[in-house]
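As C-alpha cells, the structure follows; a few thoughts come after it.
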Amino acid sequence: MDLLTEAFAWLNDPLNWSGRNGVLALTAAHLQVTLLAVLLAGLVALPAGVWLGRARRGGTLGVVVANTTRALPTLALLTLLASAGLFGNTATVLACAVFAVPPLLTNTVTGLAGVDRDVLDAARGLGMSGGRRLWLVELPLAVPLVAAGVRTAVVQVLATVPLAALVGGRSLGSVVVSGFATQRYGQVLAGGLLVAALCLVAEGLLALAQRAVTPRGVRDAARRTGSRRTRRALTAADPVPGVAAAGSRRSNGTAR
Amino acid sequence: MSATDAPPNPWFSWDYVERNADDIQRALGQHVSLTVQAVVLALVVALPLAGVAHLRPRLAGPVVGTAGVLYTIPSLALFALLAPYTGIGRTTVLIGLVLYALLVLVRNVLVGLAGVDPAVTDAARGMGYGRVRMLLQVELPQALPSVVAGVRVATVTTVALVTVGVVVGYGGLGQLMFRGFRSDYHAEIMTATVLCVLLALVADLLVVLVGRLLMPWRAWRVDRAVA
C-alpha cells in the first residue's frame, strides 16, 4: 500500500507531467512512434495483403511471417538495430513496424480471400471492372477483418514501444526504466499504470472506431447470423499455429 | 565501421562463443527452465479454468474477458506493476509469463471444446456419460488438436517474452542481448538472438512431436491446427 501511495504521489506531482521528459511529452513521443510504425507496416502489408488475398494465395506466407516474428524477441530486434547504429526512435519505429506486419497482413489476406465467390460473380455479372469490384465490393466486405488487424497492430505496437526505453528510445516506458534504474519503485509502479492505461484506452477507442468504419450492411448481416460469423472469424484468424493469436482474439471480441 | 582505428566488432564470432561458453550456457539454461515452468504452470491453470468455463458457459465471457484485458497490458508495464511487490528476480518474470501464456491456452482450449462434434457428445450422453466424465473422457481428447496448437503458440511467445525479464534482472538470453548492447559488443547480441530463435523453433518442434504422440489416431498429412 505504501508503494501505491508513492506511485500516486508521483502521478500527482505536476513536475512529472511537464517538461521534456514529462508524462505529456513522453506520451506524445509514444503515440508518434506508434503511428509511424503502423503507417510503415501498413504501407507494406496492406497492398501485399490485398494482392495475395484477391489471388486467394498467401495463407502459407502469412503463417510463415507470423511465426518468424513471434519467435524473434522484440528486445533482440531492438538491440540489434540500436547497436547497428540506428539510435533512439528510428530503431524503435523499424522494429515495431516489423512486429505490426503480421496482424495487418494475415487479416487483410483472410478478409479478402473470405469474400463469397457468388458475390464476386454477381458483381462481374453487373458489369463491374476489376478495380470497381475491389473498391465497391471486396474492400467493404473485408473491412471488419482489416480493421481488426489494424487494431491489433496498433495495440501491439503501443505495447512494444515501451521496451525501446531500454535501448534509449523515448516513450512512456522511459518512466518505468528510469524508475528501475534508480530503484524508485513508486515511479516504476506509476509508469506501469500509465503504460497499461494507455493500451487499455487505445484498445477501447479502436474498438469503437472499428465499429464505426464497418459498413452498416455488413454490421447488420453480422448481427443476423451472429454466432455463425463469430465462429468463422475465429477459425479464420486462429492458428494454423501461428496466425497472430492476438488477431483472432480481437476479431472475435468484436464480432461478439 | 567508419573509424579505421576502432577494434573489430564483428556480428558473428565463434571466438566469443568459445570463450564465454559457461556464461551462454547459464543464460540458456535460465531461459529454458523459465519457459518450461511458465508453460507447464499456465497449462495446469488453464485446463481446469477452461473446463469450468465450458461447463458453465456463463463464466466463459468473464474468464476470456479478464484474460484479454491482462493480455493487453504490455509486458514492461506488467513487470513494473509486479516488481514492487514480488521483488526483483525470477518470481516476477515467472508470474508475468504464466499470465500471458494463460490467455492463449484458455482461449484455445475453449475453442477446441466448443468445436467438438455434437454427434459425438450426443452419442456419449446416450451411453450414459455424466457431464464431468464426458468433459474428461470425450470432449478434452477431442479438443486436443486445439490445445496443442495453443501450447505451441504459448511456448514460442514465452521464449520471446523471457527476454523482457531483463528489466527485473532475470531475462535469460535477454540478459546477454542487453549486456551486449550496453558494451556495444555485436557478437554477444547476435549470438543471444540466434540462440533465442533456435530455442523457439526447437521448442515448437518438441511440442508438435509430443502432440503426435498424444494423438496417434490423427492422420498427420498436413500439419494443420483445428481451431
Side-chain angles (χ1 to χ4, degrees), chain A residues 3-4 6-7 67-68 70-80 82-85 155 158-163 165-167 172-173 175-177 179-180 185-186 188-196 199-200 203 231 234-242 245-246 248-250 252-253 256, chain B residues 1 61 64-65 68-69 71-85 88 103-104 107-108 111 114-115 146 148-150 152-153 156-157 159-164 166-168 171 173-174 177-178 180-181 184-186 189-190 192-193 196-197 200-201 204 208 223-225 227:
Chain A
L3 273 166
L4 215 52
E6 223 176 287
N67 278 343
T68 326
R70 176 170 301 150
L72 181 70
T74 322
L75 188 71
L77 199 55
L78 280 170
T79 45
L80 280 178
S83 41
V155 175
L158 271 178
T160 310
V161 170
L163 281 180
L166 285 169
V167 297
L172 276 182
V175 177
V176 175
V177 170
F180 268 122
Y185 291 108
V188 168
L189 200 56
L193 288 172
L194 284 172
V195 174
C199 285
L200 291 173
E203 166 83 356
R231 183 158 301 167
L234 252 176
T235 13
D238 232 16
V240 186
S248 59
R249 168 170 57 87
R250 296 217 164 86
N252 176 39
R256 208 169 352 109
Chain B
M1 275 152 254
V64 175
V69 169
Y71 200 78
T72 309
I73 296 176
S75 46
L76 186 76
L78 188 65
F79 288 148
L81 297 180
L82 288 172
Y85 299 102
I88 293 289
L103 172 83
V104 180
R107 256 184 56 86
N108 268 49
V111 168
S146 179
V148 171
R152 287 182 67 178
V153 176
V156 176
T157 33
V159 169
L161 208 57
V162 168
T163 56
V164 180
V166 286
V167 291
V168 290
L173 291 166
M177 289 171 201
F178 193 53
F181 167 74
D184 196 25
Y185 188 25
H186 292 171
I189 305 177
M190 193 48 106
T193 307
C196 216
V197 174
L201 294 180
D204 191 39
V208 173
D223 189 21
R224 186 171 290 261

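- Neither the backbone nor the side chain of L173(B) has a heavy atom closer than 4.5 Å to any heavy atom of chain A.
- Across P74(B) and A196(A), no two heavy atoms sit closer than the pair CD-CA, 4.2 Å.
- Contact detail for M177(B) and P73(A): the closest heavy-atom pair is CE-CG, 4.2 Å.
- Only the side chain of V176(A) comes within less than 4.5 Å of a heavy atom of chain B; its backbone N, CA, C and O stay farther away.
- Side-chain contact between T193(B) and L80(A): present, with at least one pair of heavy atoms (C-beta onward) separated by less than 4.5 Å.
- Comparing L201(B), V168(B), I189(B) by how many heavy-atom pairs each has under 4.5 Å with chain A, the most go to I189(B).
- Here the closest non-hydrogen pair linking T163(B) and L75(A) is O-CD2, 3.5 Å.
- For V166(B), the part lying near chain A is the side chain, with the backbone staying farther off; criterion is any non-hydrogen pair under 4.5 Å.
- Contacts of L172(A) with chain B are absent, with no heavy-atom separation under 4.5 Å from either backbone or side chain.
- Contact tally against chain B (heavy-atom pairs below 4.5 Å) for L163(A), L166(A), L72(A): the top residue is L166(A).
- The most heavy-atom pairs under 4.5 Å with chain A, out of V148(B), L78(B), V156(B), come from V156(B).
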